[in-house]
Amino acid sequence: MENNFDLPEKFEEFSEARRNGFIKAKELKERGGRLAGIFCTYTPVEIFDAANVIPVSLCGMSDETIPAAEVNLPKNLCPLIKSSYGFAVSDKCPYTYFSDIIVGETTCDGKKKMYEMLGELKDTYILHLPQGVDRPYALSMWKSEIILLKEKLEKKFNIKITEDDLRKACEDRNREREIKIRLFELNKSTPPKSFYMNLHKVVDSLNFSFNRSEDLKKIEEVINKIEDDFNNGIRPVKESAKRIMITGCPISGVLDKTVGEIEKNGGCVVIMDNCNGIKSARNMIDENANDIYEAIAKRYMQVACAVMTPNDNRMNQIRELVSEYKVDGVVDVVLQSCHPFDVEKYKVSKLCKELNVPYLPIETDYSKTDVGQLSTRFEAFLEML
Ligand code: BJ8
């Protein structure tokens with residue numbers, strides 16, 4: 001039976017955030033504002049906030065621009081990389097168009113080489129991430145990179161970023177993380193308080209926010225409304241719905257055929273541990289630390305991504321979330337040709353076995369060709385739980 005996960009009318013504006021953001025980006029530029037395109041959860045957004053530069057997410061979410069990308073990029077590359085480059089090279093992404101600067105990181109090989117090509121189209125700056133977090137020099141290296149980014153923005157925009165600006169930005173972003181976590185925690189209850197498709201639309205709207213404090217207020221209103229409804233006996237999700245956790249690659253480009261199909265087939269995604277989900281909200285910055293740059297570096301080094309080796313943070317995160325969200329089954333979504341997450345499936349499957357929680361790995365791309373096949377696999381997985 002199909003679940004109804006339409007957003008209540010009041011919240012429909014969250015789905016529109018990306019589209020409305022285009023107009024806001026244009027207006028911002030007309031007012032002389034500054035915009036930066038970013039790609040990754042390792043990006044220390046506090047530096048942009050302190051520089052009064054609005055960071056927007058540039059990750060490609062559709063296969064529409066992949067043919068344009070494949071003119072210059074190999075076909076057997078992850079769709080997220082091809083789509084992102086395709087939007088830039090075909091001038092189809094207003095955010096890229098209006099960005100004063102693009103900032104990427106040395107994460108996976110495909111992305112870091114693609115950034116070099118983006119550099120032909122826009123001023124592109126690359127932060128160099130350490131390859132792992134267990135080396136004694138990793139923290140000081142990453143702190144130096146964060147300071148270099150600050151200096152790059154100061155030079156580019158002819159501004160001075162003060163420590164006070166930075167501390168204020170850290171406080172604000174910590175508050176934002178707390179609100180996002182409150183939103184995710186709605187689904188700790190039994191039954192969960194919302195389908196994940198709805199929660200995703202709300203949280204994703206922040207990737208295109210031009211007035212964070214106002215947008216966060218709206219999100220708090222949504223959280224309160226969902227809680228009030230639940231307390232008044234409204235149950236959008238059945239108690240019998242199997243509780244699914246999604247892990248793996250970012251899935252904005254395959255959301256409908258993963259989360260959507262799971263929820264249409266009678267499951268409920270209670271949490272996503274990936275970069276579209278709770279990964280970007282976990283771990284706070286120590287706002288009162290003497291060395292605020294080091295505090296920022298420490299927080300971002302805890303991001304649990306398969307590009308790090310070892311990546312124990314991800315395993316610990318999965319272990320905690322499976323227990324906290326009472327997960328019945330884990331779905332590991334790997335985008336085609338994503339070697340870091342594909343290889344790491346081995347460790348995730350072993351961990352799930354140890355935790356005694358059924359595990360379903362899937363590999364997909366941005367096309368629509370496998371929607372039916374995925375739906376059948378989710379149906380069978382949910383039945384088996
Ligand atoms: S912190 S997950 S946003 S790197 S682009 S690794 S899917 S082959 S996106 Fe990521 Fe930052 Fe990590 Fe998150 Fe694979 Fe594709 Fe590479 Fe990707």
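Indexing begins at 1, ligand by ligand and atom by atom, following the structure's order.
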> Taking only heavy atoms of Phe341, which atoms of ligand 1 are found under 4.0 Å from at least one of them?
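The list of qualifying atoms is 2 (S).
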> Tell me, please, whether Tyr325 has Lys188 positioned over its six-membered ring: NZ or CZ under 6.0 Å from the ring centre and within 45 degrees of its axis?
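Yes - Lys188 lies over the ring of Tyr325, closer than 6.0 Å to its centre and within 45° of its axis.
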> Does the ring of Phe230 carry Lys193 above it, NZ/CZ under 6.0 angstrom from centre and within 45° of its axis?
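Lys193 over Phe230 ring: yes.
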> Looking only at protein heavy atoms, identify the closest one to atom 14 (Fe) of ligand 1 and say how far it is in Å.
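Residue, atom and distance for the closest contact: Cys338 SG, 2.3 Å.
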> Hey, could you give me each pair passing salt bridge (charged side-chain N to carboxylate O under 4.0 Å, His left out) that has a residue in residues 268-283? Not counting sequence neighbours.
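Every pair satisfying salt bridge (charged side-chain N to carboxylate O under 4.0 Å, His left out) with a residue in residues 268-283: Arg282-Glu320.
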> With heavy-atom distances below 4.0 Å as the criterion, list the atoms of ligand 1 near Cys78.
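Near Cys78, the atoms of ligand 1 are 5 (S), 7 (S), 8 (S), 15 (Fe).
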> Among residues at least two apart in sequence or on other chains, which ones pass side-chain hydrogen bond (donor to acceptor under 3.5 Å, both in side chains) with Lys353?
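Once residues adjacent in sequence are excluded, Lys353 has no partner under the side-chain hydrogen bond (donor to acceptor under 3.5 Å, both in side chains) criterion.
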> Identify, by atom number and element, the atoms of ligand 1 in contact range of Ile81, meaning under 4.0 Å from any of its heavy atoms.
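Under 4.0 Å from Ile81, ligand 1 has these atoms: 5 (S).
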> Identify every side-chain donor-acceptor pair in residues 370-385 under 3.5 Å, counting partners at least two apart or on other chains, and give the distances.
unit_1 : atom_1 : unit_2 : atom_2 : d
Asp370 : OD1    : Lys257 : NZ     : 2.7
Asp370 : OD2    : Thr364 : OG1    : 2.7
Ser375 : OG     : Glu261 : OE1    : 3.0
Ser375 : OG     : Asn265 : ND2    : 3.1
Thr376 : OG1    : Gly372 : O      : 2.9
Arg377 : NH2    : Pro361 : O      : 3.1

> Tell me the closest heavy-atom pair linking Ile102 and Phe39, and the distance in Å.
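Closest approach of Ile102 to Phe39, heavy atoms only: CG2-CE1, 3.6 Å.
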> If you leave out waters, which protein N, O or S atoms are less than 2.8 Å from atom 12 (Fe) of ligand 1?
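Listed by chain and number, the atoms are Cys305 SG.
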> Quick check against the 3.5 Å criterion: does Arg314 have a side-chain atom that pairs as donor or acceptor with the backbone of Ala304?
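Checked: no pair found.
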> Are Cys305 and Phe341 packed together at the side-chain level, in the sense that at least one heavy-atom pair is separated by less than 4.5 angstrom?
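Yes, their side chains come closer than 4.5 Å.
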